[in-house]
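Below: the structure, in structure tokens.
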Amino acid sequence: MSVALRNAQRAVPVRRAPLRRAVCALRAALGASRFDVGLVCAGNALMQRLNGAYRQCPEPTDVLSFPFHQVAAGELPRPRCRDEYNLGDIFLGVEYIHQQCRETGEDFDDILTVTAAHGLCHLLGYRHDTKPEWEQMYQKEAQILEELNRLTGSRLRPLTAGLF
């Protein structure tokens with residue numbers, strides 16, 4: 001199935017082809033290759049509006065995920081028809097991520113990929129509101145990033161290493 005990627009901002013150049021390839025590999029590592037996913041690269045203004053509307057936190061953020069299905073962590077959706085082979089949409093706050101990378105010196109493309117992995121996990125029911133949930137999500141992120149690292153020679157690690 002497909003990864004539909006839209007760049008809805010102009011503040012930060014985004015290398016779309018490598019990001020799309022990485023998301024396809026991460027989706028495969030999750031066992032969800034049959035499912036479509038939408039990926040939107042957004043600026044701070046859009047992320048702030050979405051974060052305010054859906055999380056009552058009117059500030060820009062790095063990632064927001066909007067699952068098509070409600071599933072328990074680690075479960076794949078069980079579509080009843082072709083139109084339901086959709087994981088949902090991930091909004092990447094690329095302007096926010098770029099600003100963070102400038103402050104920390106981290107590689108923007110790497111962090112964008114890791115943030116997309118985080119968003120994919122959210123689409124499949126993973127959360128990090130409690131320590132046990134965080135541990136489960138961290139493990140899954142590490143697992144799929146390790147698979148991507150094996151394929152690409154990268155050394156990516158989950159974002160949430162120091163959350164709890």
Side-chain angles (χ1 to χ4, degrees), residues 3 5-9 11-32 35 37-48 50-52 54-67 71-74 87-164:
V3 172
L5 193 152
R6 178 172 175 248
N7 189 2
Q9 57 83 49
V12 179
V14 176
R15 297 176 56 224
R16 290 184 285 197
L19 179 59
R20 182 181 284 112
R21 282 192 302 272
V23 170
C24 284
L26 291 164
R27 190 181 52 166
L30 285 163
F35 293 88
V37 66
L39 197 60
V40 178
C41 295
N44 280 345
L46 177 55
M47 293 303 284
Q48 181 173 336
L50 291 172
N51 207 17
Y54 291 98
R55 297 183 62 234
Q56 291 68 54
C57 185
E59 300 173 3
T61 189
D62 57 351
V63 62
L64 293 168
S65 297
F66 299 94
V71 295
L87 291 181
D89 297 314
I90 300 168
F91 285 74
L92 294 173
V94 295
E95 190 174 357
Y96 181 90
I97 294 166
H98 188 260
Q99 289 167 342
Q100 296 293 338
C101 288
R102 285 181 50 208
E103 292 172 14
T104 63
E106 294 177 283
D107 182 81
F108 171 70
D109 292 317
D110 286 351
I111 298 302
L112 199 58
T113 298
V114 171
T115 306
H118 187 82
L120 278 168
C121 286
H122 277 308
L123 293 182
L124 289 175
Y126 290 93
R127 303 182 55 84
H128 47 76
D129 298 326
T130 66
K131 188 171 182 178
E133 287 176 341
W134 169 81
E135 288 171 347
Q136 184 182 32
M137 185 165 182
Y138 183 86
Q139 244 181 359
K140 182 51 72 173
E141 283 183 50
Q143 176 191 341
I144 65 173
L145 288 169
E146 188 57 39
E147 177 64 18
L148 182 64
N149 290 340
R150 188 184 64 72
L151 294 171
T152 64
S154 301
R155 300 183 76 197
L156 305 177
R157 296 182 34 78
L159 291 176
T160 57
L163 194 58
F164 279 93

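Heavy atoms only: backbone and side chains are in, while hydrogens, waters and symmetry mates are out. This structure is a prediction, so every number in the text was calculated from the model and none was measured.
A25 and L148 get closest at one heavy-atom pair: CB-CD1, 3.7 Å. In terms of heavy atoms, N44 sits closest to P60 at OD1-CB, 3.5 Å.
For the atom pair C57 SG and M47 CE, the distance stands at 11.0 Å (nearest 0.5 Å). Annotation: the span from T61 atom OG1 to N51 atom CG amounts to 5.0 Å, rounded to 0.5 Å. With rounding to the nearest 0.5 angstrom, the OG atom of S65 is 13.0 Å from the OH atom of Y54. Residue I90 holds its CD1 atom at 10.5 Å from OG1 of T115, rounded to the nearest 0.5 Å. Here the CE-CG distance, from M137 to L124, works out to 10.0 Å after rounding to the nearest 0.5 Å. Between atom CG of residue L19 and atom CZ of residue R15 there is a gap of 10.0 Å, rounded to the nearest 0.5 Å.
Test T113, L39, L92 against V23 for side chain to side chain contact (heavy atoms under 4.5 Å, CB included) and you get one pass: L39. Each of Q139, K140, E146, E141 was scored for a side-chain hydrogen bond (donor to acceptor under 3.5 Å, both in side chains) with Q143, with one residue passing: K140.
Shown here are the ring pair (Phe, Tyr, Trp, His ring centres under 6.0 Å) partners of H122, two or more places apart in sequence or in another chain: H118, H128. Taking R102 as the reference, H98 meet the side chain to side chain contact (heavy atoms under 4.5 Å, CB included) condition, with sequence neighbours excluded.
Counting heavy atoms from C-beta on, the side chains of L145 and P158 come closer than 4.5 Å. With contacts defined as side-chain heavy-atom distances shorter than 4.5 Å, the pair L159/I111 qualifies. Contact check for D89 versus V37: no side-chain heavy atoms found under the 4.5 Å cut-off. A 4.5 Å side-chain heavy-atom check between C121 and I144 finds at least one atom pair inside the cut-off. When side chains are defined from C-beta on, R27 counts as touching V3, because their heavy atoms get closer than 4.5 Å. At least one side-chain heavy atom of V94 sits less than 4.5 Å from a side-chain heavy atom of F108.
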Determine, step by step, whether F91 and V63 satisfy the side-chain contact (heavy atoms from CB on, under 4.5 Å) criterion, reporting the C-alpha distance in whole Å, the side-chain angles of both residues, the deciding distance to 0.1 Å, and the verdict.
CA-CA 6 Å; F91 285 74; V63 62; over 6 Å; no
Just do the side chain to side chain donor-acceptor pair (under 3.5 Å) check on E147 and N149 with the steps written out, would you?
CA-CA 5 Å; E147 177 64 18; N149 290 340; over 6 Å; no
Starting from the C-alpha separation in whole Å, work towards a yes-or-no answer on side-chain contact (heavy atoms from CB on, under 4.5 Å) for D107 and L112.
CA-CA 9 Å; D107 182 81; L112 199 58; over 6 Å; no
Intermediate values then yes/no, side-chain contact (heavy atoms from CB on, under 4.5 Å), V114 and R157:
CA-CA 7 Å; V114 171; R157 296 182 34 78; over 6 Å; no
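The salt bridge (Lys or Arg N to Asp or Glu O under 4.0 Å) analysis of residues 54-65, with sequence neighbours excluded, yields no pairs.
When atom types are taken as modelled, the side chain of Q136 and the backbone of E133 share no donor-acceptor pair closer than 3.5 angstrom. For the pair E95 (side chain) and A11 (backbone), a donor-acceptor distance under 3.5 Å is absent.
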